[in-house]
2 protein chains.
Amino acid sequence: MNRRRSTIKDVAREAGVSVSAVSRAFSGGSLSADKKTRILQVAGTLDYRPSSAAQSLVRQQTRSVTLVTGRMHDPFDSQFLEALAEALADSGRRLIVAPASKQADLSGGVYQAIDDRSDAVIIAAGTMPLDASRACVRIGLPVILAGRILDTPGVDAVVAANCDGGRQAAAMFLRGGCQRPAWFGVERPSFSNDERLAGFHAQMAAAGIEPARFEAGGRDDEAIFEAASRMLSRSDRPDAVFCATDRLAFGVLEAAGALRLAVPRDLAVIGFNNVPAAARRSYRLTTLDYPVARVVAEIMEILEARLAAPGLAPIRRRIPVSLIVRETTR
Amino acid sequence: MNRRRSTIKDVAREAGVSVSAVSRAFSGGSLSADKKTRILQVAGTLDYRPSSAAQSLVRQQTRSVTLVTGRMHDPFDSQFLEALAEALADSGRRLIVAPASKQADLSGGVYQAIDDRSDAVIIAAGTMPLDASRACVRIGLPVILAGRILDTPGVDAVVAANCDGGRQAAAMFLRGGCQRPAWFGVERPSFSNDERLAGFHAQMAAAGIEPARFEAGGRDDEAIFEAASRMLSRSDRPDAVFCATDRLAFGVLEAAGALRLAVPRDLAVIGFNNVPAAARRSYRLTTLDYPVARVVAEIMEILEARLAAPGLAPIRRRIPVSLIVRETTR
DNA sequence: CCAGTGGTTGCAAACGATTTCAAACATTTC
DNA sequence: GAAATGTTTGAAATCGTTTGCAACCACTGG
């Protein structure tokens with residue numbers, strides 16, 4: 001039961017070569033073929049593998065990326081995480097996830113990224129504190145905002161074409177001849193929430209209609225359901241509701257079901273994100289598709305670009321969204 | 001635009017002290033109060049923070065844990081990841097996620113954990129390859145299997161009380177007076193799938209009943225729905241179905257809806273996991289609660305125990321599951 | 001035979017921190 | 001005032017790897 005991990009020195013001694021030779025056997029460099037195979041064989045019996053900590057130290061780069069993420073209350077978040085982890089693995093990097101749930105303070109995760117000398121930090125939750133962001137910019141750590149916000153200077157961002165999505169939803173409702181459209185947003189307004197509303201409102205205004213506005217009463221499904229029920233029990237009940245997220249839309253559909261409203265005849269509903277559940281038989285939700293794969297691809301591109309040319313001006317990418325028409329609209 | 005990150009030496013020079021002093025200011029150690037504040041202040045203006053790579057090197061520990069995970073097709077997986085990340089953060093460790101989607105080969109992720117000198121590797125997907133597992137045991141890297149399998153020697157595991165869950169489901173069906181119970185499992189049988197079936201089958205057998213067995217035709221929701229529809233269209237259609245996961249149960253409920261079967265009168269359904277969606281109005285699924293928080297807590301305990309006493313015999317923990325009765329059973 | 005060439009090798013200096021050790025200093029006790 | 005004790009301090013060794021450099025080797029061509 002030998003606890004100590006074998007090091008490059010052990011392998012060198014055992015194989016009767018210098019440490020440089022061992023290093024070159026693993027990381028490449030001129031080395032005769034027979035010596036290389038012998039070294040690898042010895043390394044195998046000793047269970048030796050180079051320590052990435054020591055490598056990062058001397059190479060001055062870690063090939064790791066930190067993702068700062070909050071509560072993943074939306075299935076979209078886990079899809080995103082999975083796709084991101086995979087894309088990073090393909091580019092030979094590891095993903096470190098730093099949860100930021102503690103009162104939505106991201107700085108902890110950001111500072112962890114700094115300590116780890118990550119290649120970049122990707123932020124997918126909450127609001128970026130200004131001082132942490134400044135620190136990143138000063139030390140040249142690329143910061144990429146994902147899907148949510150872009151209110152801090154010097155950082156890159158990829159976000160959905162939220163306004164356009166709102167406009168598409170409004171257009172769809174108008175085509176369907178709706179009379180009393182409404183907006184159903186999240187409890188605490190966020191960047192994307194507000195943009196989606198803005199687009200929806202603008203398009204409706206262009207048709208001379210002022211949509212009503214409602215909000216979910218809380219974070220959990222029950223609170224959402226309650227708020228949706230209240231909205232649909234009013235005398236001037238809306239006949240078309242655009243929801244900030246699919247999750248809200250599910251609540252609306254369930255409330256409609258409980259109130260025996262026929263969808264889409266009495267009530268049309270549109271969501272946002274196109275999470276897998278939206279396609280289920282129970283919902284068949286018309287929604288705006290926000291393609292995760294595309295988001296991740298853009299992030300990877302930004303990452304490479306930034307790493308290649310650190311001085312670049314902030315990059316902002318809008319991901320187009322497209323309306324997936326299912327059975328909750330007419 | 002100074003690209004080079006400042007090091008402990010820069011701070012020492014700037015503050016007019018030795019590097020030891022700076023180290024002590026950050027990591028603790030005897031140091032006069034005024035000197036400490038001065039150092040921290042200088043470090044602040046220089047944006048200095050200790051490099052964790054260098055720290056791990058000299059301290060011989062990384063305070064990181066690697067999670068090897070596959071496709072997160074079940075919401076349960078993302079809940080698990082989130083809870084785990086948080087628990088680890090609380091214990092001052094970071095979470096590295098290594099995706100193992102490529103033809104379900106885990107060894108890549110496991111070797112990454114080895115390279116990273118992680119404190120432990122947690123495996124939540126697929127089957128552990130024997131050689132990778134052996135390597136971990138030899139070098140003393142703790143391996144913890146989560147929720148799925150325990151067929152490899154020398155590794156710890158925490159799994160649901162799957163058999164017991166199956167028995168509870170069977171008992172519930174029997175109490176409700178079902179006549180033709182059935183099992184609905186995943187396409188490619190897995191450890192937990194099989195255990196759940198075994199428990200269900202045993203309890204039914206004790207009552208002199210042999211349940212029918214069906215399988216989902218594929219991984220995606222559509223394939224599950226098709227298989228469920230076929231199952232419910234048979235002349236000897238089951239009147240009670242126990243599903244290996246909630247996700248399968250949703251498919252069954254939707255198929256039942258499409259066939260105009262009344263739940264729970266014509267058909268009772270029980271799932272497994274109690275994912276958040278199971279509580280939704282659209283499903284109100286009776287299911288076995290597999291408490292994520294508990295799973296994570298056990299993992300953390302095992303982790304600490306293993307780190308404190310590496311020579312320990314393999315630890316196996318069963319997490320009790322409890323039946324949550326909603327509206328899909330009578 | 002000798003200079004030139006090109007591929008292998010190993011030494012030793014980094015990389016950025018911590019920590020042991022002994023010296024220096026300050027404080028208490030007799 | 002001296003000895004004993006305790007607290008700060010910095011020099012230097014260390015962690016495990018990579019890599020620039022120079023030495024060495026075996027050839028090749030003149």
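Below, chains carry the letters A, B, ... as their sequence lines are ordered, and counting in each starts from 1.
Within a 6.0 Å radius of CZ in B:R188, other residues, nucleotides and ligands contribute 12 heavy atoms or fewer.
Atoms CG and OG, on A:L57 and A:S52 in that order, are 11.5 Å from each other to the nearest 0.5 Å.
Counting atom types as modelled, A:R24 pairs a side-chain N or O with a base atom of C:dG10 as donor and acceptor under 3.5 Å.
Heavy-atom nearest nucleotides on DNA chain D were determined for B:D34 and for B:A54, and the one closer to the 5' end corresponds to B:D34. Comparing A:K35 and B:V22 against DNA chain C, the residue whose closest nucleotide sits nearer the 5' end is A:K35. Summary of the strand contacts: B:V58 and B:G16 both lie near DNA chain D, and taking for each the nucleotide with the nearest heavy atom, the more 5' one is attributed to B:G16.
B:S20 comes within 4.0 angstrom of a nucleotide base, judged by non-hydrogen atoms across all strands. Nucleic acid contact for A:S23: base, since at least one base atom lies under 4.0 Å from a heavy atom of the residue. No contact: A:F26 has no heavy atom under 4.0 Å from any strand. Within 4.0 Å of B:S27, counting heavy atoms only, lie sugar-phosphate atoms of the nucleic acid but no base atom. Here B:S51 lies in heavy-atom contact (under 4.0 Å) with sugar-phosphate atoms only.
Exactly one residue among B:R93, B:R63, B:R306, B:R94 makes a salt bridge (Lys or Arg N to Asp or Glu O under 4.0 Å) with B:D119. That residue is B:R93.
When distances run from any side-chain atom of A:S18 to the nucleotides C:dG16, D:dT9, C:dC11, the shortest one goes to C:dC11.
Between B:L88 and B:L303, the closest side-chain pair of non-hydrogen atoms falls below 4.5 Å.
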